[in-house]
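Both counts, for ligands and for their atoms, begin at 1 and track the order of listing.
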Amino acid sequence: MAKGIIFDIKEFTIQDGPGIRITVFFKGCSLRCQWCHNPEGLSFEPELMVRESSCIHCGKCRIGCGHAECKSFSRCLKICPLGLVKAVGAGFDSSELAVKLKMYQDFIKINQGGITLSGGEPLAQPEFLIDLLRELKPLHTAVETSGYSSQQLFRQVAELADLILFDIKHTNPQVHRQYTGVDNEPILKNLDLLIKMGKKFIARVPLIPGVNDSAENMENTAILLRNASGLERVELMPYNLFAGAKYTVVGKKYAPSFNEKAEVCIFKEVFEKHDIKCSVL
Ligand code: SF4
Ligand code: SF4
């Protein structure tokens, strides 16, 4: 019964695997993708979220309070008349979270859905993830991952989950490092492992203008995937112009070095040429 931290649970999601699902967002990620739209999912610690743009500067949240849960934030989480101050990141033990998620099981079964564990990066909380996957059985489980982990851990997770949603950000190691902060070598090794295991997976490619949306990178991605018996399809996810919307709320700055207003190129046909099913989300 491992402990972990999550930052959100979304009910009734339809793009994170088959059927209608519940998606759980693990808090914390080792990557720093310049286009990440979940800045509250990056740190492994609970964080303060303040919607400063609506603040009327009454100062009430800054007056000291005695609430134990507010202590580490130096702001009161309860007094704001507009409800602008909250903490993000809740600790759970795996059994407690599994019980909470299993409350949806009838609904999930009727809708041929399941539970998707996303993030942040679920594999960055290994014991919590593995215990949770075991405890959620027999519900259908999917894990969305950057693939950035040891091979031993990746294999264990791939064996336990029913479906892997595997993000592929760039095939070139230098460009991958430049835009995500990490090498793609362990990621590509885990992709290779997933393919050799014959595990069911969906490859997800975020399309970032001028970064990875070239025909050459799509061709290299298709070559990696073309003989994968477990591959259900490739999902291309064009850049979302709202990616930076939540950064100021968690006291961070959104400063991508690519031109986010440039048009995204969508080379769906590159995958189809290799007989790989491809959809655009
Ligand atoms: S209590 Fe709310 S409105 Fe007042 S200063 Fe704090 S965030 Fe702003
Ligand atoms: S891997 Fe996902 S959660 Fe982590 S920084 Fe990249 S986009 Fe954000």
Query raised in the report: Is the number of heavy atoms from other residues, nucleotides or ligands within 6.0 Å of NZ (Lys86) greater than 12?
Result: no
**Report entry** Taking atom 7 (S) of ligand 1 as the reference point, the nearest protein heavy atom with its distance
**Finding:** Val85 CG2, 3.7 Å
Query - salt_bridge(Lys3, Glu127) N-O dist < 4.0 Å - result: no
Report summary line: Note: Lys169, heavy atoms under 4.0 Å from ligand 2, region reported as side chain
Query - Proximity to ligand 2 by part of Leu42, non-hydrogen separation under 4.0 Å - result: side chain
Query - For Ile56, atoms of ligand 1 separated by under 4.0 Å from a heavy atom - result: 3 (S)
Query raised in the report: According to a 4.5 Å side-chain heavy-atom criterion applied to Ile, Leu, Val, Met, Phe, Trp and Tyr, with indirect links allowed, do Ile266 and Tyr239 form part of one hydrophobic cluster?
Result: yes
Query raised in the report: For atom 2 (Fe) of ligand 1, which protein heavy atom lies nearest, and how many Å away is it?
Result: Cys80 SG, 2.4 Å
Query raised in the report: In terms of residue, atom name and distance, what is the protein heavy atom nearest to atom 8 (Fe) of ligand 2?
Result: Cys36 SG, 2.4 Å
Query raised in the report: Is atom 6 (Fe) of ligand 1 less than 2.8 Å from an N/O/S atom of Cys55, whether that atom is in the backbone or a side chain?
Result: no
Query - Nearest-contact summary for atom 4 (Fe) of ligand 2 - protein heavy atom, Å - result: Cys29 SG, 2.4 Å
Query raised in the report: So, does Leu31 sit close enough to ligand 2 that a heavy atom of it is under 4.0 Å from the ligand?
Result: yes
Query - Residues Gln112 and His140: side-chain donor-acceptor under 3.5 angstrom - result: no
**Report entry** Other residues, nucleotides, ligands: >12 heavy atoms within 6.0 Å of Arg155 CZ
**Finding:** no
Report task. Among all protein heavy atoms, pick the one closest to atom 3 (S) of ligand 2 and tell me residue, atom and distance. Result -> Gly120 N, 3.6 Å
Query raised in the report: Going by the atom numbers of ligand 1, which of them fall below 4.0 Å from some non-hydrogen atom of Cys61?
Result: 1 (S), 5 (S), 6 (Fe), 7 (S)
Query raised in the report: So which protein heavy atom does atom 6 (Fe) of ligand 2 come closest to, and at what separation?
Result: Cys33 SG, 2.3 Å
Query raised in the report: Among protein heavy atoms, which lies nearest atom 5 (S) of ligand 1, and at what distance?
Result: Gly59 N, 3.3 Å
Query raised in the report: Where do Ile208 and Asp213 come nearest, in terms of heavy atoms and distance?
Result: O-OD1, 3.5 Å
**Report entry** Cation over ring face, Lys169 and Tyr179, 6.0 Å, 45°
**Finding:** no
Report task. Grab the two heavy atoms, one from Ile276 and one from Val234, that are nearest each other, plus how far apart they are. Result -> CG2-CG2, 3.6 Å
Query raised in the report: Ion pair present between Arg204 and Glu144, side-chain N to carboxylate O less than 4.0 angstrom?
Result: yes
